[in-house]
2 protein chains.
Amino acid sequence: MGADRTSPVTLRMLADRLGLHVSTVSRVLHAKPDESHRAASSATVERVRRLADELGYRPNPHATSLRTQRSNLIGVLVPRLSDIVLATIYEGIEEAAGEHGLSTFVTNTRDVPDFQRARTDMVLARRVDGMIFGDAYIDAGFLGEVAARGVPFVLVSRRAGDYPSVTCDDYLGGRMVGEHLLSLGHRDVAVVAGEPYASTGIDRSAGFADAYAEAGIEIPAHRFTHSRFDARGGHEATERLLAAGDPPSAIFAVNDFAAIGAFGAVRDHGLRVGADVAVAGFNDTPLAAELPVPLTTVRSPMHEMGRRGLELLARLLQGEEVSSERLRPELMVRASTTAVLT
Amino acid sequence: MGADRTSPVTLRMLADRLGLHVSTVSRVLHAKPDESHRAASSATVERVRRLADELGYRPNPHATSLRTQRSNLIGVLVPRLSDIVLATIYEGIEEAAGEHGLSTFVTNTRDVPDFQRARTDMVLARRVDGMIFGDAYIDAGFLGEVAARGVPFVLVSRRAGDYPSVTCDDYLGGRMVGEHLLSLGHRDVAVVAGEPYASTGIDRSAGFADAYAEAGIEIPAHRFTHSRFDARGGHEATERLLAAGDPPSAIFAVNDFAAIGAFGAVRDHGLRVGADVAVAGFNDTPLAAELPVPLTTVRSPMHEMGRRGLELLARLLQGEEVSSERLRPELMVRASTTAVLT
DNA sequence: ACGTTTGGCCCAAACGTTTGGGCAATCGCA
DNA sequence: TGCGATTGCCCAAACGTTTGGGCCAAACGT
């Protein structure tokens, strides 16, 4: 029964077979109940519907888009899909998109500006109705250009400028980790802070630092180090922290993968995670709890973030006013952070 | 300069401004060098080109697709993008697609047949030129239907039936692990075998079992257990293996995430990975080397697999004959597998 | 000098929809 | 019976491309 590839069934085919005009068929298949009854007699409606799904009619989206100037496509840019955080966010986006009759178009930019630009152009050339950026730089220069072109968009994961975004409350999450480590007696701590252009790392570090500041402890600058967001990056950054000797008693890595990298570096220095050096991460990816030393981390609602991001964009496309959302994180205490040795 | 959202520039705009016919402009902007010179004088060609990129002309892909009956879109189905293996494969696909002037459309099916069907329909409704399945069931029933509809497609990651696929040589990879563990003296081993419908798990297990069989050791049936491919699934499966008491001296989990889950279960039973129970994984995901106990695993060329998959499909779309490819794996020995205690 | 090629461009018909207008027949109602 | 409203449908013009044919003038060949 389904549409055969050789001959996709068109409105005209249906119309011809039914002895109706193509416009009539279109209206019948299209309109909400209230209109369809104005479009044809209920008997006709029935006939049309039956034939349509007997033949497996699927409207040609190119024709539709061409005519309506709306593609029902939305473009999604992420640094890399092989980052489980972004992948999970994207899953949320895709799920919600399905419910809105939208299709998504996702592409990797590796966090490099030239790629962001190029991919944005490509996506726009595909005539998407709107975009979701998961790779925003905190300095929102590029986004400004996009906005100037009149493209509706929202941000997920990272915030930037005053553009509508759906993020985790990263600052709060950072505070939670700070307070937790303080409560365990850690006074000499270090931060693997992520990329300097990502609000996630910035806000998490800031929340963490503020928690310590309020306890009267200023974390010295050399205890902060930037890093890529993957395991290798976390490893290298931690290596730098540890290289000088005089290891901190605890390390906060602003995401789980960097934390796992920190595990590796700590191990390489003959130290034990938990016992010798506490390590905390961020995101509560599914691996965190399974590690040989389970990772203390902050659960961020990644899937939900994606969903909300799409909803936000959908509302934007309806012409509604929207404002940013900040989702609540939750601290997950596990074995990688234990009380400081006294 | 770029195209403003409010008024995408069309061929007609260019034509009018240049005092040319739209078809002329089309040919100029389109044709390969040899034809363009037949389409207009070189002076005209120059004028057209200049204006086109001054105004940032981008052909409307919907119009083009409608006219040419070709979308330059390809649909990609994966179980889940939050699985780093599939995400990495997809990155390869996307990269290669870009080089071929194709755009990809990826969607999650969670490995559930109803979703595969539904998503396939949706993707086909979008009029893709071809598809790549990363979620094939070994019983290729559904793929048969797709093939019957005349849709060109290839498989990646998993093989099925005689459809063209690009996979890792999973059987060989399994053998490698088997031989490695044998060489370490492990005689009582168990396998966390993945989903029963995925060729990856099946082939890896088979290669492993055959290596043992050739050494004169038949691994008993109760030492095999199926599992989901994520950490949680690996944990549960390993739990089942260990629940009976009498733990094996080594466990082969058919992917890294399941292996990490195995770490968790082993840990929960008061055993140490490496020292008490050897654990090996598959894929060499970036985390494997960073774990507190680095994971012995098999490197599979995931990115490359994606690239090759797309190339294969591209050739298929050109009407060429294609045949499956099997990529070579490489054993990565690390600390999680040590010699059996004597 | 007269056909033939060629260069340089234009015409018009598609591709499959959507949608503002029509228009004839029937209905409701006084 | 007359008249406006409603029902049920059809018409045709877009949307932006691509592409097989034309057509006219200039160049060419003999």
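In the text below, chain A, chain B and the rest are named by the order of the sequence lines, each starting its count at 1. Computed from a predicted structure; not experimentally measured.
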Q) Rounding to a whole Å, what distance do you find between A:R12:CZ and D:dC10:P? A) 13 Å
Q. Whole Å only: how far is the CZ atom of A:R58 from the P atom of C:dC15?
A. 22 Å
Q. Of all the choices, C:dC9, C:dG16, D:dC9, which nucleotide is nearest to the side chain of A:T10 once you look at every atom?
A. C:dG16
**Q.** Residue-phosphate contact under 4.0 Å: B:T68 side-chain N/O, D:dT17 OP1/OP2
**A.** no
Q) For B:L55 and D:dG16, what is the distance between atoms CG and C1' respectively, to the nearest whole Å? A) 16 Å
Q: Can you tell me the distance, in whole Å, between the CG atom of A:D16 and the P atom of C:dT17?
A: 12 Å
Q. In whole angstrom, what separates A:N60's CG from C:dT17's P?
A. 6 Å
Q: Would you check if B:V9 and B:E54 make a side-chain contact, meaning some heavy-atom pair closer than 4.5 Å?
A: no
Q) Want to settle it: does A:L66 or B:T24 sit nearer the 5' end of DNA chain C, counting the closest nucleotide to each? A) B:T24
Q: Quick one: label B:T64 by what it contacts on the DNA or RNA (base, sugar-phosphate, nothing), any heavy atom closer than 4.0 Å.
A: sugar-phosphate
Q. Is there a donor-acceptor contact under 3.5 Å from the side chain of A:E91 to the main chain of B:S82?
A. yes
Q: Tell me which of B:H62 and A:S23 sits closer to the 5' end of DNA chain D, going by the nucleotide each one is nearest to.
A: A:S23
Q. Got more than 12 heavy atoms from elsewhere within 6.0 Å of CZ, A:R50?
A. no
Q) Can you tell me how far P of D:dC9 sits from CG of A:L18, to the nearest Å? A) 11 Å
(Q) Rounded to whole Å, please give me the gap between CG in B:L11 and P in C:dC15. (A) 19 Å
Q) Distance check: side-chain N/O of B:Q69 vs OP1/OP2 of C:dG16, anything under 4.0 Å? A) yes
Q. Which part of the nucleic acid does A:T44 contact within heavy-atom distance under 4.0 Å: base, sugar-phosphate only, or nothing?
A. sugar-phosphate
Q. What nucleotide, of C:dC9, D:dG20, C:dT17, holds the atom closest to the side chain of B:R27?
A. D:dG20
Q) Watson-Crick or G-U wobble partner for D:dT30, using a 3.5 Å limit on both distances? A) C:dA1
Q.
Using a 6.0 Å cut-off, check whether atom CE of A:M122 has over 12 heavy atoms from anything other than its own residue.
A. no
Q) Mapping B:A63 and B:H21 onto DNA chain C by nearest heavy atom, which one lands closer to the 5' end? A) B:H21
**Q.** Rounded distance (Å) that lies between atom P of C:dT17 and atom CG of A:L14
**A.** 8 Å
Q. Hey, does the side chain of B:S71 reach the backbone of B:L73 with a donor-acceptor pair shorter than 3.5 angstrom?
A. yes
